[in-house]
S.K.: 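Sharing a structure with you now.
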Amino acid sequence: MKTRTIAFTLNGEPREVVVRPNDLLLNVIRDHELLTGTKYGCGIGECGTCTVQVDGKPVLSCLTLAVAADGCQVVTIEGLAEGGRLDPVQEAFLDHAAVQCGFCTPGMIMTSRSLLDEIPQPTEEEVREYLRGCLCRCTGYASIVRAVLSVAEKGA
Amino acid sequence: MSGEPGMGEKTSSHEHHAVGRVVRRKDGLAKVTGAEQFAHDIDLPRMWYGRVIRSPHAHARILSVDTAEAEAMGAVCLTYADVPKLKYNERIVSTPPFLYRDRQVLADKARHVGEAFAAVAAPTEALAEKAVRALKVKYEPLQTITSVEDAMRPGADPIHDTVRLEDAEIPIENNVAVRRNVEVGDIEAGFAESEFIIEREYSTQPIYHAQMETKAVTCRPEPDGGITVWPCTQSIHNTRQLLGEIYEIPLHKINVKKIAMGGSFGSSIQMNSVIPICVGLALKSRHPVKLVTTREEDIHDHVRYPTNIRLKLGLKKDGTPVAGHMHAVVEIGAHNIQAFPFLGGLAGFWASLYRLPHMKYEGIAIYTNKTPTCAMQGFGAPQVTFAVESLMDEIAHELGVDPVEYKLRHYIGLGGTFWGQGPAVKSIIRSDGVSELLRIGAERIGWKDRHAPGSQTGRYRRGIGMARGFHTSGVGHPKATGAEMIDYSGAIVKINEDGSVDVAQSLADHGGGTLEAIAKIVAEELGVPIDMVGMSPVDTRTSIYDVTTHATRGVYAGGAAAHKAARTAKGILLDYAGRVLDVLPDSLVVEPEPQLGQGVIYCPNLPERRITVGELAKLCQLNSWGTISAVESVRQVNCPPAYVIYYVEVEVDTDTGNVKTCRAALGSDCGTVVNPDLAAGQLIGGLSKGSGYALIEEARWDPETGELLNRGFWVDGKTPAMGEMPPLEDIHTFFSDTYEPSGPFGAKGLGEASSNPCAGAYANALYNALGVRFYQLPVTPEKVLAALAREDAA
Ligand code: FES
Ligand code: FES
């Protein structure tokens, strides 16, 4: 299969990667770049654990071809804390016990970050609507909704 | 503490500096930054990738697997011919006389669609996938058996001819895996004494665990013939022992690493099917091999026990239960992972719900060609609690009494006998918050103001239902020998030279905060700040045995081991401190000193005699007195019930049949609440999973082909998401003010209890809304509409 070199920034650092046309962004992030915070949960767009930001928008990396990230800015959970300082969403997840097993957490946090970037002061209904594609089998979601709302309350 | 979701509430709190405090969980930072390593994330030098081939047939003999083409690609292949033929049971929690063994690493027969029977390993995942597709297989399809009736029909193809029990091969007749009967009192006399009899049938469905992490494992062969394994598991030690037995490797050469679990809910009590396959690939290829299952593969690997319960109850006129007869039919699918203890669990949980002087229980487990069943959060309690709580609600309505009052009159509480898991595990109840919880819940939900059943007529009808339940806290009991199940934990506690503490425990954390609780228990006992206690990464070579984190035993049983080790270490600490301070050790106390950020040992009568824990530990080192440390194994001799009560309010759309959860009041009696925020999270997680069980989830198979019909989370199956939960202000969580005398700092379990009564509460709420009883889970919109149509016709 023909390969192609793509260039993108990953968590702020420039990257050049040789990929095949059918390589998924998820696999490039996890297997090439060894950033394993982004999770595989279903591979078919049904769980949200693989969510990353591409040019600021939340994207399911299991449904995104790596070539589509050519020239883009990709941010994963590892890139969210800037200069070692946690993002307010990460802080809120810790403070509101929104983490149990933690497997859904990276996808939840990345999606929540995008939500707050788009709607800085969401209502509870908006939070539930925005995050409805992210599954969590442990928490029952309440602590996650509360964490996200608390970030908005603090205006972060 | 407030009653907000996520915070929990307790009516009073005991003075503790660590236990019961809300702090950020220790593993949280790794989890919110993506640094936590799960089984999917292991990456080793020279690592290869494994893939398995799974049967497209529900029942077929594997006549041959031609590996030539795959091998020509550079793959290493593993078939039935390459692996040990030993029959094992993947869940070695039961002791050998009760352990039915029907598994092999790879079999020469497929017993359900999706059963693995050969595997490959290759340097890249893409090549492994290509190689597995190049395997040429000859199958001889056998009769596909997809129902209990067909399985037991004379002349049905045997799914297993024989299974191993201890050293004997025992025959399997009519595909009956195992039966279990329990009798208490005199059932005939009991029914003769009864003044009225009620009989109902309840069925509960199989559901997929839907843990967010699919099963995965990495195995590295070691130069000495040993192996190192990174699996998804609730028990590193049982995984090690099984691998040692299967591959005949001495245990000291097998190192199984404990890593974070991305959920499990019971699906990794047993050694998952891919673990020994991966080991076989690694041993053959002499490469580390990583095997990650796809979601679709995982869905084909484990489901909850579906259970059909026929329950006949004899009562006095005033509603006092006198006699009960229960038939439980459990379709276990292709393998007997733990049917015998499951049948016992059903009996035991039934016997522990309401006082019943005479009971007869008959349980039967049947093989079919479907996905193997195993424990899932509650191990029989959700099934039996749905039946009993529905029936008790129905009887209360017949009698015209408040179901809450009726249940309070007859439930088994303080001083009663609790069957922790089947007839072999019993102890006396010493803590009981049920009435307190039921009272608080009734207020929160507005129980007194609910509608009369079936009194509404509009399109949207609301109903409130209540159910009560529990789970056991571990499977401890007082008998010294002949146990049916293993139940003990171990812990190592070590005080470091700066006053910090390492705790090494092989206990697994499902995510609910078990290890967080352990750290608090140790901090509390030692008198050091919680920040100074670390939970060590452990493996089987450096930790001592813990049976498995199941049966809601983590805090109660695992916590007891850590508590004991901390107490022993504290004794040593105080002995040395007495020597240094020239006072008797008994006159010393240890307390955290916030300014110093560590524990301080001092004599209250001679306050100037003081030394920090760190100074003392350092002194012990410099004087070569030794490390202050302790190793302890603890078996609990009780199995206290972790009670949970549920009130839920639903709204039924009578046009669509849709059921919405409007409000919930969830109360737990977990004794002392060690992690208030995480405990509340457990309850709310229980509501989410429990509502899925009650209303939407069901694994289904094509009756002709045995093919699994739902293979996902949304499209052809459904897992509760954020939208299914009530708004934050309508979820109430609260805890009773109880203290379990046999638990660490008064704590008992919570985890599995959190969803056990849920389906019963929904069924009762639906009755309240519609005046119709539902006896079959899940109560889907189709079932609601059909029931309403029947009502209309009647
Ligand atoms: S892995 Fe991408 S949505 Fe599930
Ligand atoms: S915390 Fe386990 S899946 Fe969300």
Side-chain angles (χ1 to χ4, degrees), chain A residues 20 27 30-31 34-47 49 76-81 86-87 89-91 93-107 109 124-125 127-147 149, chain B residues 4-6 22 24-25 27-38 40-41 43 125-126 209-214 260-265 292 294-296 509-513 675 677-678 680-689 712-715 719-723 725 727-728 731:
Chain A
R20 288 164 302 185
N27 295 344
R30 286 182 54 88
D31 301 342
L34 302 179
L35 292 176
T36 55
T38 305
K39 298 300 180 205
Y40 162 86
C42 69
I44 55 171
E46 291 193 332
C47 74
T49 59
T76 69
I77 186 72
E78 290 90 345
L80 209 56
L86 293 184
D87 186 273
V89 179
Q90 292 171 311
E91 299 272 7
F93 269 60
L94 292 175
D95 285 334
H96 290 271
V99 178
Q100 286 192 21
C101 81
F103 203 84
C104 70
T105 307
I109 290 179
E124 183 180 335
E125 228 7 79
V127 174
R128 282 144 60 97
E129 177 60 24
Y130 202 97
L131 293 176
R132 83 199 147 106
C134 295
L135 292 180
C136 171
R137 192 62 158 167
C138 301
T139 61
Y141 306 102
S143 54
I144 295 171
V145 177
R146 183 163 297 280
L149 289 172
Chain B
E4 293 171 341
V22 174
R24 286 183 170 189
R25 60 186 297 156
D27 58 359
L29 197 54
K31 287 176 175 175
V32 300
T33 53
E36 185 68 275
Q37 268 206 327
F38 295 89
H40 286 203
D41 305 330
D43 189 53
E125 210 169 5
H209 297 76
Q211 79 293 345
M212 292 312 297
E213 165 195 60
T214 64
M261 258 190 304
S264 173
F265 313 111
V292 179
T294 64
R295 179 59 65 186
E296 194 170 350
D509 194 334
H510 291 246
N675 302 319
D677 53 347
L678 293 166
Q682 294 262 285
L683 284 171
I684 299 170
L687 174 67
S688 171
K689 283 185 287 283
F713 293 131
W714 289 101
V715 177
T719 310
M722 212 166 266
M725 291 297 282
L728 292 177
I731 308 173

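Only heavy atoms go into these numbers, but all of them, side chains included; no hydrogens, no water, no symmetry mates. Below, chains carry the letters A, B, ... as their sequence lines are ordered, and counting in each starts from 1.
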S.K.: Under a 4.5 Å heavy-atom cut-off, does chain B meet the side chain of A/L94, its backbone, both or neither?
M.R.: both
S.K.: Can you tell which part of B/M725 gets under 4.5 Å to a heavy atom of chain A, answering side chain, backbone, both or neither?
M.R.: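 Backbone plus side chain of B/M725, per the 4.5 Å heavy-atom cut-off to chain A.
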S.K.: Can you tell me which portion of A/N27 sits under 4.5 Å from chain B's heavy atoms? Options are side chain, backbone, both or neither.
M.R.: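 Neither part.
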S.K.: Distance check, rounded to the nearest 0.5 Å: A/D95 atom CG versus B/R25 atom CZ?
M.R.: 13.5 Å
S.K.: Would you mind checking if A/R137 and B/E213 are paired as a salt bridge, meaning a charged N to carboxylate O distance below 4.0 Å?
M.R.: no
S.K.: Under 4.5 Å from any heavy atom of chain A, what part of B/T294 do you find: side chain, backbone, both or neither?
M.R.: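 Both the backbone and the side chain of B/T294 come within 4.5 Å of chain A.
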S.K.: Which of parallel (below 30°), tilted (30 to 60°) and perpendicular (above 60°) describes B/F38 and A/F103?
M.R.: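 Taking A/F103 first and then B/F38, their aromatic rings stand perpendicular (interplane angle over 60°).
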S.K.: Which atoms of B/A126 are under 4.5 Å from chain A, going by heavy atoms: the side chain, the backbone, both sets, or neither?
M.R.: side chain
S.K.: For the residue pair B/S688 and A/G140, what are the closest heavy atoms and their distance?
M.R.: CB-CA, 3.6 Å
S.K.: Which answer fits A/T49, side chain, backbone, both or neither, if we ask what part of it has an atom under 4.5 Å from a heavy atom of chain B?
M.R.: side chain
S.K.: Please check if the side chain of B/R295 supplies one atom and the backbone of A/E46 the other of a donor-acceptor pair under 3.5 Å.
M.R.: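 Pair absent, no side-chain N/O of B/R295 close to backbone of A/E46.
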S.K.: If we ignore hydrogens and angles and just use 3.5 Å, is the side chain of A/Y141 paired with the main-chain N or O of B/P720 as donor and acceptor?
M.R.: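 Looks like yes, one N/O pair under 3.5 Å.
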S.K.: Got more than 12 heavy atoms from elsewhere within 6.0 Å of CZ, B/R24?
M.R.: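 Yes, because the 6.0 Å sphere around CZ of B/R24 holds more than 12 heavy atoms from other groups.
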S.K.: Relative to chain A, which segment of B/Q682 carries a heavy atom at a distance below 4.5 Å: side chain, backbone, both, or neither?
M.R.: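 Looking at B/Q682, backbone and side chain both touch chain A.
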S.K.: Is A/E125 close to chain B through its backbone or its side chain, or both, or neither, when contacts mean heavy atoms under 4.5 Å?
M.R.: neither
S.K.: Give me the atom names and distance for the closest heavy-atom approach of B/A721 to A/L135.
M.R.: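 Of all heavy-atom pairs spanning B/A721 and A/L135, the closest is CB-CD2, 3.8 Å.
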S.K.: What closest approach, in Å, do B/T214 and A/G41 show between heavy atoms, and which atom pair accounts for it?
M.R.: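 So the minimum-distance heavy-atom pair works out to CG2-O, 4.2 Å.
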S.K.: Measure the spacing between OG1 of A/T105 and NZ of B/K31 and express it to the nearest 0.5 Å.
M.R.: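 It is 7.5 Å, given to the nearest 0.5 Å.
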S.K.: Distance check, rounded to the nearest 0.5 Å: A/K39 atom NZ versus B/E36 atom CD?
M.R.: 8.0 Å
S.K.: Which answer fits B/L683, side chain, backbone, both or neither, if we ask what part of it has an atom under 4.5 Å from a heavy atom of chain A?
M.R.: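 Neither part.
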S.K.: Is A/E78 close to chain B through its backbone or its side chain, or both, or neither, when contacts mean heavy atoms under 4.5 Å?
M.R.: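 Contact with chain B is through both the backbone and side chain of A/E78.
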S.K.: Specify the closest pair of heavy atoms between A/Q90 and B/V32, including all atoms of both residues, with the distance to one decimal.
M.R.: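 Shortest heavy-atom separation between A/Q90 and B/V32 comes out as NE2-O, 2.8 Å.
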S.K.: Which atoms of B/A260 come close to chain A, meaning under 4.5 Å heavy atom to heavy atom: side chain ones, backbone ones, both, or neither?
M.R.: neither
S.K.: What is the minimum heavy-atom distance between A/L86 and B/L29, and which atoms define it?
M.R.: CD1-CD1, 3.6 Å
S.K.: Between atom CD1 of B/I731 and atom CZ of A/R146, what is the distance when rounded to the nearest 0.5 Å?
M.R.: 9.0 Å
S.K.: Among A/E124, A/E129, A/R20, A/R132, who wins on heavy-atom pairs under 4.5 Å with chain B?
M.R.: A/E124
S.K.: Give, as side chain, backbone, both or neither, the part of A/L35 having an atom under 4.5 angstrom from any heavy atom of chain B.
M.R.: neither
S.K.: Could you grab the distance from atom CE of B/M261 to atom SG of A/C101, nearest 0.5 Å is fine?
M.R.: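 Reported to 0.5 Å precision, the distance equals 9.0 Å.
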S.K.: Please find the pair of heavy atoms, one from A/V127 and one from B/M722, that lie closest to each other, and give the distance.
M.R.: O-SD, 4.2 Å
S.K.: Less than 4.5 Å apart, side chain to side chain, heavy atoms only: is that true for B/D27 and A/V99?
M.R.: no
S.K.: Measure the CG-OG1 distance between B/L678 and A/T139 for me, rounded to the nearest 0.5 Å.
M.R.: 11.0 Å
S.K.: Answer with side chain, backbone, both or neither: which region of B/H40 has an atom nearer than 4.5 Å to a non-hydrogen atom of chain A?
M.R.: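 It is both, since atoms from each part get that close.
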S.K.: Which atoms of B/D43 come close to chain A, meaning under 4.5 Å heavy atom to heavy atom: side chain ones, backbone ones, both, or neither?
M.R.: side chain
